[in-house]
Amino acid sequence: MQVETEGMSFSYKDKKVLESVSLRFGEGEVVSIIGPNGVGKSTFLHCLNRLLAPSEGSVMVDGRDVSEFSLKELARIMGYVPYSPASNFPLSVIDMVIMGRHPYSRIGSAKDDLKAAHKILEELDIEDLAFRPFAELSAGQRQKVMIARGLVQDPKVLLLDEPTANLDIKHQMEVAGLLRDLSRADGLSVVMVSHELNIAAKYSDRMVLLCKGEVFTAGSPWEVLTPENIRAVYEVDADVADHGGRPYVMLNGPVRRHA
Amino acid sequence: MPDQDFADGYLRYVRHKLIFIIAALAILAIAAGISCLVDGRPIGVLDVYRIIWEHLTGAKYEYATPEYWDDFVVCQMRLPRTVLAIIAGSSLAVCGAVMQSIMSNPLADPYTTGMSSGACLGAIIAIVMGFAFTGPSMYGIVGMSFLVALIPAFVVILVSRVVSTSPATLILMGTIMSYMFGAVNTLILVHQEGETLSAAYLWTIGSLDNVVWSDLLVPGIVSVVGCIAMLAMSGKLNVMMMGDDQARSMGLDVDNFRTVLLLAMSVMVASIISFTGILGFVGLVAPHIVRMAIGSDNKYVIPASMAFGSALLLVTDTIARLVVYPYEIPVGIILMFIGGPLFLFVVVRKRGYGGIY
């Protein structure tokens with residue numbers, strides 16, 4: 001399944017957040033959207049799954065505009081894992097994951113929904129958490145539960161807003177590795193927003209660098225993570241080394257501006 | 001974990017929720033029996049259940065025999081009030097649980113969203129306009145209550161559709177509207193005299209006094225239909241608890257769903273408040289205590305809140321009738337005395353959950 005944006009722009013009132021973004025996401029690839037704070041990374045994800053409507057341009061899924069899909073149809077195609085999941089209500093892990101079955105729910109589907117949730121929890125190796133309160137889990141466990149909720153929608157594309165934020169390095173690698181494995185095994189397309197450049201470089205097939213709402217560059221991690229690009233977009237001096245065939249960014253410091 | 005072990009674990013997980021619901025129903029049954037003891041003629045608690053059972057199974061008694069009077073006192077004089085408490089308690093508690101879910105805010109209930117105050121203002125306007133409390137004229141009070149209760153519902157619908165706003169802001173708007181309705185209430189009341197003033201004022205406090213079976217038709221039907229409909233939508237309500245964006249990403253048409261539910265709850269709240277006046281805290285406290293005990297899956301929260309809300313209202317109403325017996329205090333006052341500290345206890349007793357939990 002192919003997701004494509006064509007000249008997509010988005011504005012919050014007069015403030016242009018995204019400007020003519022044209023990108024394509026193929027089946028089974030892991031794509032990281034990177035860039036400094038406030039360049040429209042999360043807005044881009046929200047436009048992909050119709051949480052926001054682009055002011056110009058379009059989002060197409062297999063050649064069909066997303067606005068033509070019903071919300072349930074779209075939820076069966078795209079799963080969404082929000083940034084920093086939390087709930088105002090006491091929910092257990094199984095309650096949380098079963099919610100993801102909503103696009104398939106019908107009278108008498110409870111047993112099937114439970115089975116689907118169990119299968120996903122088993123696949124992610126978190127079934128022992130099933131009946132524990134979500135709020136009592138560690139940040140890494142919560143993130144896995146939210147990924148489970150996205151996956152139980154049985155989507156073709158999984159959108160994730162900073163899935164490795166607030167995680168320690170072990171959990172960052174676990175979560176990113178899990179997403180790559182799912183993509184390889186099931187042909188799932190993964191589009192994730194990330195601030196962790198090295199994690200994104202290690203686990204992504206492609207990267208998209210956004211700057212001021214526009215695509216600064218897109219391509220393989222080696223094409224995107226160059227010292228020049230990092231300097232131009234992040235205003236940070238960095239060296240990029242080869243680490244196991246992947247680029248590894250070493251930060252030197254902010255770019256010094258001279259009067 | 002094999003499928004069977006997981007299924008067994010799930011059954012254990014569900015069992016304690018079901019046990020809680022059964023326990024709440026048992027408390028409700030006991031509270032209902034005790035509430036039928038109060039007033040004049042001494043009848044034992046077990047006799048109350050027997051009399052109700054015999055009445056339901058069609059027993060007939062000779063006029064003016066002791067059995068006749070027992071049946072008359074329990075089934076015609078005391079039971080309507082008990083049933084009204086059950087209807088009002090369950091409806092308001094379910095509306096509270098549903099509002100908290102659709103606004104993704106644990107502080108939402110018919111009172112904090114302004115709906116109760118709106119319904120109360122509508123009732124007072126109708127009373128001042130001369131509608132009576134009994135007979136067909138009563139529907140004028142219900143209708144007026146519904147119309148004014150729609151105002152906060154429409155404001156919430158409009159604001160959430162037109163302006164992207166947080167659930168906390170919606171509650172704040174509801175509270176502001178409550179104050180404004182309260183101001184209009186007071187303005188109307190200061191220009192009234194005698195019976196109209198006392199009748200209208202009682203509406204602002206809340207009471208279950210002076211109810212007969214025929215009064216229960218409208219709130220009874222609305223409550224049963226409303227609560228069943230809300231229970232049928234428990235899956236969608238669960239999704240709404242996660243907030244609008246996540247609910248939409250899981251395929252729920254958030255705006256239309258919220259609109260339909262707010263309109264339905266306006267009818268439910270108006271049909272109760274127009275008979276009882278404002279009954280605060282039931283919609284807030286009952287769902288919170290239920291969630292503390294069995295979590296937030298609305299499939300269980302809604303029936304448990306119905307039982308717990310009814311029991312809460314029955315117990316407070318019984319206390320209201322006993323504190324200065326043979327006189328009685330309006331139940332709304334006792335609800336404030338008991339509901340306030342109870343809610344404070346819920347807020348303070350954090351258990352590592354998000355929000356106020």
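Residue numbering restarts at 1 for every chain, and letters A, B, ... go by the order of the sequence lines.
Here B:Leu252 is the residue among B:Asp253, B:Asn105, B:Leu252 with the most heavy-atom pairs under 4.5 Å with chain A. Per-residue counts of heavy-atom pairs under 4.5 Å with chain B were compared for A:Pro155, A:Ser92, A:Ala110; the largest is that of A:Ser92. Chosen from B:Lys299, B:Arg248, B:Met241, the residue pairing most often with chain A at heavy-atom distances under 4.5 Å is B:Met241.
For a residue to count as touching a neighbouring chain, one of its non-hydrogen atoms must lie under 4.5 Å from one of that chain's; by this rule A:Pro82 touches chain B with the side chain only. Heavy atoms closer than 4.5 Å to chain A are found nowhere in B:Ile294, neither backbone nor side chain. Both the backbone and the side chain of A:Leu114 come within less than 4.5 Å of a heavy atom of chain B. For a residue to count as touching a neighbouring chain, one of its non-hydrogen atoms must lie under 4.5 Å from one of that chain's; by this rule A:Leu74 does not touch chain B. Of the atoms belonging to A:Met96, it is side-chain heavy atoms, and not backbone ones, that fall under 4.5 Å from chain B. With a 4.5 angstrom heavy-atom cutoff, A:Arg101 does not touch chain B via any of its atoms. Of the atoms belonging to B:Met242, it is side-chain heavy atoms, and not backbone ones, that fall under 4.5 Å from chain A.
With salt bridges taken as basic N to acidic carboxylate O contacts below 4.0 Å, one links B:Arg258 and B:Asp244. Ion pairing between B:Arg15 and B:Asp8 fails under the 4.0 Å rule for side-chain N and carboxylate O.
Within a 6.0 Å sphere centred on NZ of A:Lys119, other residues, nucleotides and ligands contribute 12 heavy atoms or fewer. Counting non-hydrogen atoms of neighbouring residues, nucleotides and ligands closer than 6.0 angstrom, the OH atom of A:Tyr203 exceeds 12 such neighbours.
A donor-acceptor pair shorter than 3.5 Å cannot be found between the side chains of A:Tyr83 and A:Ser42.
Counting heavy atoms from C-beta outward, B:Ile22 and B:Ile19 have side chains that stay 4.5 Å or more apart. Counting heavy atoms from C-beta outward, A:Val59 and A:Pro54 have side chains that approach closer than 4.5 Å.
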